[in-house]
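Reviewing the structure listed below.
Atoms within each ligand, like the ligands themselves, are counted from 1 in listed order.
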Amino acid sequence: MNEQSSHFHLINNSVMKKNWFLIPAAIITIISCKTTTSVQKEPLENLLPVRGFCIAAPTSRNLDSFVTFINQELAPRQVNTLILRVDFNYQYESRPELRDTVALSKEDIKKIVAACKTNKIRVIPQVNLLGHQSWASHTNMLLVKYPQFDETPWVVMPAKYKWPNDDGLYCKSYCPLHPDVHSVIFPLIDEICEVFETDAFHAGMDEVFYLGEDKCPRCGGKNKAELFANEVKAIRDHLASSKRELWIWGDRLIDGKTTGIGMWEGSHNNTHTAVDMIPKDVVICDWHYERADKTPVYFAMKGLRVITCPWRNPSIAVVQMNDMIKFRKESTKEMKPYFYGMMQTVWSGSSQFLKGYYTDKKDTTNGGNTQWGSFRGLYKEINKL
Ligand SMILES: [Zn+2]
């Protein structure tokens, strides 16, 4: 019955369209002239609201060259969002024990803040929460100082890290159900947001492989998607109490098995149903580096704002950008705002990136693709829009 009535509408539509041919040619000419003269370039804000760049925060030593990069390279390209991965590279006063040995001072950060203000760039600090509490054989400050938060204390950090390994150790996680963990990390979030004078915080939360471990006395046997979603919600609620919003990476919310997207850019550890449990005002940074996966549609249909994040392949980055623009153009007015924009990601240290960028260093190992090549290529196309 429904099918029949929809066919009926189609017929009616085609009749309607045919009737257009009955309009005198002169009127059509007037209409088309008017259309031609009224075509205007759509403002960049409408095409891509977020035009981002994500990189590790610089060290004090290369701070000035990084500020120059903001002024001379990010600003002219109309980058309007800068995610800085700070982690423990700040001289925290609330938790001084968590400072890295070498860490940025408040004055250092204020130089970045000033440059971003001048150039109307929204700066968002990142501290990795939940996962990424270690890297290779190095344990990060949180678990060094608070080993009781370790989700897998029985996994000994190897002297020489290799992947894969018998422990399935990619990075350590903290236990989200440890009763003291939030009282340690929440002051850090507040302090870093205050010093950056920002209304948003990026919590990372990508590639969380250790979660809800059977041997954890608090998490064992619990639903992993719920554990993940509850941690997102706890951080989100804390930020919301000071009118700040939460940004996270999207991989734990994608079903890596069904989609074939895999265990890195997607989840193989049953966290993906958290997509229906997290608050709808969390911003999703959806990273795909080898293919222009159409996952932005999935997030947008869940009512979540999504930003597509490329890495080092400029041609994929441009396809992803055109997809994002197309998704916005061809969506309902309800869904359009969820397609939020693009963000170039950089996964080396910032000094290494700047060196590569300014010398346009070649890399023969990845088919000639580089992070700086992707940044230039993507923004060249964005600036043509
Ligand atoms: Zn636990």
- Could you pull out the N/O/S protein atoms under 2.8 Å of the Zn ion (ligand 1), ignoring any water?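 For the Zn ion (ligand 1), the protein N, O and S atoms that sit under 2.8 Å away are Glu151 OE1, Cys175 SG, Cys216 SG, Cys219 SG.
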- SB check Glu213 Arg218 (cutoff 4.0 Å):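 Salt bridge flag = no for Arg218 with Glu213.
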- Message: Name the residue from Arg122, Lys110, Lys106 that meets the salt bridge (Lys or Arg N to Asp or Glu O under 4.0 Å) definition with Glu197.
- Response: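 For Glu197, the salt bridge (Lys or Arg N to Asp or Glu O under 4.0 Å) test succeeds with only one of Arg122, Lys110, Lys106, which is Lys110.
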- Message: Exactly one of Asn369, Asp363, Thr364 should register a side-chain hydrogen bond (donor to acceptor under 3.5 Å, both in side chains) with Asn366. Which one does?
- Response: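 The option that passes is Asp363.
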- Who pairs with Phe66 by ring-ring contact (aromatic ring centres under 6.0 Å, His included), at least two apart in sequence or on another chain?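 Listed in chain order: nothing, the list is empty.
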- Excluding sequence neighbours, so at least two apart, what forms salt bridge (Lys or Arg N to Asp or Glu O under 4.0 Å) with Arg77?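 Once residues adjacent in sequence are excluded, the partners of Arg77 under the salt bridge (Lys or Arg N to Asp or Glu O under 4.0 Å) criterion are Glu73.
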- Return each pair, listed once, that meets ring-ring contact (aromatic ring centres under 6.0 Å, His included) where at least one residue sits in residues 106-135; pairs must be two or more places apart or across chains.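 Applying ring-ring contact (aromatic ring centres under 6.0 Å, His included) to every pair that reaches into residues 106-135, excluding sequence neighbours, yields His132-Tyr170, Trp135-Tyr170.
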